[in-house]
Asker: 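Please find one structure pasted underneath; my questions will follow.
Proteins come first, then strands; the chains are lettered A, B, ... in the order of their sequence lines, and each starts at number 1. Quick note: numbers below take in every heavy atom, side chains included, and nothing from hydrogens, waters or symmetry partners.
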There are 2 protein chains.
Amino acid sequence: MQRKTTLKELSKSLNLSISTISKALNNSPEISKATVEKVKRSAALHNYIPNFAARNLKAGNSGTIGIVLPTMSNPFFSSAFEGIEAALMKRGYKSLVFLSHESLDLERTGIQKLVETQIDGLIISPAHETINSKSIQHLTQLKSLHIPIVTLDRTLHEIACDSITTDEELKAEIAISNMQKSGCKNIIFLSGTIGATRKTGYKQALKSVGQVTRIMEYHSDFPKDELLEMLLAKSIDGIMACSEHCAIQVMSFILQNGFSIPQDVSVISYHNSSIGQSFWPALSTIDLKPEEQGNLAVQTLFDRINGLLPSGKINYQLDSEIIQRSSTKPIRS
Amino acid sequence: MQRKTTLKELSKSLNLSISTISKALNNSPEISKATVEKVKRSAALHNYIPNFAARNLKAGNSGTIGIVLPTMSNPFFSSAFEGIEAALMKRGYKSLVFLSHESLDLERTGIQKLVETQIDGLIISPAHETINSKSIQHLTQLKSLHIPIVTLDRTLHEIACDSITTDEELKAEIAISNMQKSGCKNIIFLSGTIGATRKTGYKQALKSVGQVTRIMEYHSDFPKDELLEMLLAKSIDGIMACSEHCAIQVMSFILQNGFSIPQDVSVISYHNSSIGQSFWPALSTIDLKPEEQGNLAVQTLFDRINGLLPSGKINYQLDSEIIQRSSTKPIRS
DNA sequence: CTGAAAGCGCTTACAG
DNA sequence: CTGAAAGCGCTTACAG
């Protein structure tokens, strides 16, 4: 029965002090080259694996970053996580992940665990419940422990921490305006649980041309009959969908009922996954750059940890991108 | 500037020994009720948070489970992760996540980090590269350190560890047979990078009725022209798609070209996400139960850790489920 | 260049 | 019921 090899054991087998072993393994210039080699060879032979718990206890940091996301089932967040994980891996850091499922309670429990683990920083997309209730003591707690926080995509105005967002509101406005230029006269917004801020861009755009806004609420299922009626009455010729999922649902419904996209109805959505790309017609979309957001969140977190950032909070606003594909008509010039 | 409160500080402020404080906080029956309360009140007041690194150093375990998955972008794996995370959270454990992106190298690096962190167990869906190359030293290493491993969905026959799988092969066979009973005479299999084992079920089913198998390879893009030709020639009336993504791509293509589902072509796929469910027509599918697999993986891991399982490896084969919706014709009885 | 010693923050026999 | 002491596995001044 093999136990994990420790410095003590190596020390015994090599007849060297623990200090020397430790220094040799860490490439300390104090130690002679010969000794370093001897130690390393022995360590490899004995399958020595350093104990991070011990190292961290001394160092006071854990090499671990806490990640709290609402869910992984939403492609936006899984992509964001992929960006975060890759950036963290590159820096030799580890990702400790908790999912809040939009619940304040679960978020709190996760953060508690994270603090106990001595995380070096936190990247979080706060739960809806947190945002709405403005209960942020579990987060301010981190601030007082000097654990930096970066919010991703969703901002918490009540707390002073760095944040990553996109200019999605502006891009929504431009996208709507593009649809109008392409001939759309009746654009509705298909809204789900997400996308509260997205509505704003839509409203802004319609307001600027003096048009009435029409928002159709959508929760797991949307009012098909109503939509079908509008299609038949030709009282709709454009849809901005709050998510790709929602867009695909609507588009399949439209196609299935014999209407054409974009001839009868233009459809644009948010997020850019391969599924929207490979749909027929290929889905026009506003790419929210989740991976880049994740990457930038990590970058910002480390800049903050390393004291490279001025005090006060910083907001990085990433450019989102309108990707024009076949589900919207080309702009008439 | 607030530092984290330690037992030592509480000890000073209360004029009690560190031992007493520690025991009180852990509800040791040795300590008087009055003291326990006093200590707890003071701890709360000082925002005391236990240091897990220290605790784990003593205990020799970390309360952390390593999770290594190929990706989060594939809905199967993000769902599996949701199942794992919830089960772990319920038990007060933490998830340390690494993504392999199907690369042996990345998988190795992740596992290395995980071992250094003293994880108590590992749940892994091995990378394709690992499976193909049969390089498993990074995993056998864990075995020799008595860190239990459970594989999820993808099995590694070369290593003696517990595994979770489904009966997808059998269900594929049944699903194909159902399609035949519903009148399909020319069923093709649309195959991607995943789904090697899935082909087997398809082949098995066609072989059993003496039909020729037709497999169309699919990588990010499939041969549209070829498919269109088959549709026009009516030489195809059923498709088994290796993934939901693939199914949606094909279905939108079929609808877009004026054919009907399932009247002209039946389509069945794997995995069961809300997107397939809300598609028109709703996608028939073989549900691979990723969340349940994740859940069961955690359960098995803890049973193994707690010595509840007999020595030798155990394979849990979960029932996958054929979900008949509108993209396949009803079975004629 | 090598080693003895202290200490990171906790837990847990052991003594009183 | 409370406390002194040892120790988990490491790192790092300090001494030699």
Asker: Output the rounded distance in Å from CG (A:Leu14) to C1' (C:dG3).
Answerer: 15 Å
Asker: Under a 3.5 Å cutoff, is there a donor and acceptor pairing between the side chains of A:Asn51 and A:Thr6?
Answerer: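 No - no donor-acceptor pair under 3.5 Å links their side chains.
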Asker: Holding to ring-ring contact (aromatic ring centres under 6.0 Å, His included), I want the full list of residues that pass it with B:Tyr93, two or more places apart in sequence or in another chain.
Answerer: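 Expected list: B:Phe302.
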Asker: Are any non-hydrogen side-chain atoms of A:Thr130 and A:Ile124 less than 4.5 angstrom apart?
Answerer: no
Asker: When the distance from CD1 of B:Ile31 to P of C:dT11 is rounded to whole Å, what number comes out?
Answerer: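 One finds 12 Å between P of C:dT11 and CD1 of B:Ile31, rounded.
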Asker: Just to be sure I understand the rule, does A:Asn56 reach a base, reach only the sugar-phosphate, or reach nothing, if contact means heavy atoms closer than 4.0 Å?
Answerer: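 Counting heavy atoms under 4.0 Å across all strands, no contact is made by A:Asn56.
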Asker: Dump every N/O contact between nucleotides 13-16 of chain C and the protein below 3.5 Å, one line per pair.
Answerer:
| residue | atom | partner | partner atom | Å |
| --- | --- | --- | --- | --- |
| C:dA13 | N6 | B:Lys23 | NZ | 3.2 |

Asker: Base, sugar-phosphate, or nothing: which does A:Ile18 touch, judged by heavy atoms less than 4.0 Å apart?
Answerer: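 Result for A:Ile18 = base.
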Asker: Which residues pass the salt bridge (Lys or Arg N to Asp or Glu O under 4.0 Å) test with A:Lys23, sequence neighbours left out?
Answerer: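 Result, salt bridge (Lys or Arg N to Asp or Glu O under 4.0 Å) vs A:Lys23: A:Glu30.
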Asker: Describe the nucleic acid contact of A:Thr20 in one word from base, sugar-phosphate, nothing, applying a heavy-atom distance below 4.0 Å.
Answerer: base
Asker: Can you tell me which nucleotide in D:dG3, C:dC1, D:dC10 comes closest to the side chain of B:Ser17?
Answerer: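 Nucleotide nearest to B:Ser17's side chain: D:dG3.
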Asker: If each of B:Lys33 and A:Leu7 is mapped to the nucleotide of DNA chain D with the nearest heavy atom, which maps nearer the 5' terminus, i.e. the 5' end?
Answerer: B:Lys33
Asker: Counting Watson-Crick and G-U wobble pairs whose two distances are both under 3.5 Å, find the runs of 3 or more in a row that involve DNA chain D.
Answerer: C:1-3 with D:14-16, C:5-12 with D:5-12, C:14-16 with D:1-3
Asker: From CD of B:Glu116 over to P of D:dT11, roughly how many Å is that when rounded to an integer?
Answerer: 11 Å
Asker: Ignoring backbone atoms, test whether A:Tyr48 places a side-chain nitrogen or oxygen under 4.0 Å from the OP1 or OP2 oxygen of D:dC10.
Answerer: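 Yes, because at least one side-chain N or O of A:Tyr48 sits under 4.0 Å from OP1 or OP2 of D:dC10.
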Asker: Any pair with a residue in residues 37-48 of chain B that passes salt bridge (Lys or Arg N to Asp or Glu O under 4.0 Å), sequence neighbours left out, goes on the list, sorted by first then second residue, please.
Answerer: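 As it turns out, the salt bridge (Lys or Arg N to Asp or Glu O under 4.0 Å) pairs with a partner in residues 37-48 of chain B, which skip direct neighbours, are B:Glu37-B:Arg41.
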Asker: Rounded to whole Å, please give me the gap between CG in A:Leu16 and C1' in C:dA4.
Answerer: 14 Å
Asker: Please check: side-chain N/O of A:Ser79 versus main-chain N/O of A:Pro290, any donor-acceptor pairing under 3.5 Å?
Answerer: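 Checking the backbone N and O of A:Pro290 against the side chain of A:Ser79, no donor-acceptor pair under 3.5 Å is found.
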Asker: In this structure, how many angstroms lie between the C1' atom of D:dC10 and the NZ atom of A:Lys8, rounded?
Answerer: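 Answer to the nearest Å: 12 Å.
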Asker: Is there any salt bridge (Lys or Arg N to Asp or Glu O under 4.0 Å) pair reaching into residues 299-312 of chain A, and which pairs are they, with sequence neighbours excluded?
Answerer: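 Sorted result for residues 299-312 of chain A: A:Asp162-A:Arg304.
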Asker: Donor-acceptor pair, distance only, cut-off 3.5 Å: does the side chain of A:Thr117 make one with the backbone of A:Ile119?
Answerer: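 Not at all, since once roles are kept as given, no pair shorter than 3.5 Å links the two residues.
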Asker: Select one nucleotide: of C:dG3, D:dT2, C:dG9, the one nearest the side-chain heavy atoms of B:Ala54.
Answerer: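 Nucleotide nearest to B:Ala54's side chain: C:dG9.
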Asker: What is the distance, rounded to the nearest whole Å, between atom CD of A:Gln118 and atom C1' of D:dC10?
Answerer: 16 Å
Asker: In terms of side-chain geometry, is the basic nitrogen of A:Arg154 or A:Glu102 positioned less than 4.0 Å from the acidic oxygen of its partner?
Answerer: yes
Asker: Identify which nucleotide among C:dC8, C:dC10, C:dG3 has an atom closest to any side-chain atom of B:Lys58, counting heavy atoms from C-beta outward.
Answerer: C:dC10
Asker: With nearest nucleotide decided by heavy atoms, which residue, A:Ser22 or B:Val36, maps closer to the 5′ end of DNA chain D?
Answerer: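 Going by which nucleotide is closer to the 5' end, it is B:Val36.
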